[in-house]
Structure formats: structure tokens, C-alpha cells
Amino acid sequence: MIRIVIQWQDQFGHWQRFQEKHNQADAYRTAQARARSTGKRHRLVEEAGRLLDLLES
């Protein structure tokens with residue numbers, strides 16, 4: 001099972017960890033909803049550090 005980490009970008013350009021999920025579709029929905037509600041950039045990253053997706057509001 002892969003782990004997908006949801007991260008968000010702060011005002012200084014640093015990526016902050018938000019949550020970790022095991023289901024990619026659920027992680028995408030969560031990150032997309034949070035990106036819309038906060039107006040901040042979010043990304044999905046595998047546990048190995050590979051970028052899966054980048055979401056903006």
C-alpha cells in the first residue's frame with residue numbers, strides 16, 4: 001500500500017505537511033477541496049518524494 005502525503009505551500013514558499021492517506025482518489029479530493037477553501041497551493045507526494053499532482057484554487 002502506498003502512502004500519499006498532502007502538503008500545502010505557505011506564504012514563504014515552504015511546503016508544510018497536512019495529512020497522509022492511503023487512497024490516491026481520496027487524497028486528491030481532500031487536497032482539491034482544501035485548496036479551494038484556503039486559496040493555497042496543495043500537492044500530493046508519494047512517500048518516496050515523487051510528485052503526483054499539484055493543485056491550485
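Numbers here are sequence positions counted from 1. Worth knowing before you read on, the calculation uses all heavy atoms, side chains too, and leaves out hydrogens, waters and symmetry mates.
Between R50 and V45, the closest side-chain pair of non-hydrogen atoms is not below 4.5 Å. Side-chain contact check for Q11 versus H14: every heavy-atom pair is 4.5 Å or farther apart. For the pair F18 and K40, the minimum side-chain heavy-atom distance is 4.5 Å or more. For the pair R34 and H42, the minimum side-chain heavy-atom distance is below 4.5 Å.
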Point to revise | Chi angles and distances behind the side-chain contact (heavy atoms from CB on, under 4.5 Å) call for R17, E20 | key: CA-CA 8 Å; R17 183 185 183 98; E20 184 176 305; 2.3 Å; yes
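From D53, atom CG reaches atom OH of Y28 across 5.5 Å, with rounding to the nearest 0.5 Å. Taking CD of Q19 as the start and CD1 of I6 as the end, the distance is 5.0 Å to the nearest 0.5 Å. Within the model, atoms CD of E56 and CZ of R36 stand 13.0 Å from one another, a figure rounded to the nearest 0.5 Å. A distance of 5.5 Å separates CG in L44 from CG in L55, rounded to the nearest 0.5 Å. Note that NE2 of H22 is 9.0 Å distant from CD of E47, once rounded to the nearest 0.5 Å. To the nearest 0.5 Å, atom CG of residue N23 and atom CD1 of residue I4 are 7.0 Å apart.
Residue A35 comes nearest to S57 through the heavy atom pair O-CB, 3.3 Å, listed as atom of the first residue, atom of the second, then distance.
Under 3.5 Å, the side chains of R43 and Q7 contain a donor-acceptor pair of N or O atoms.
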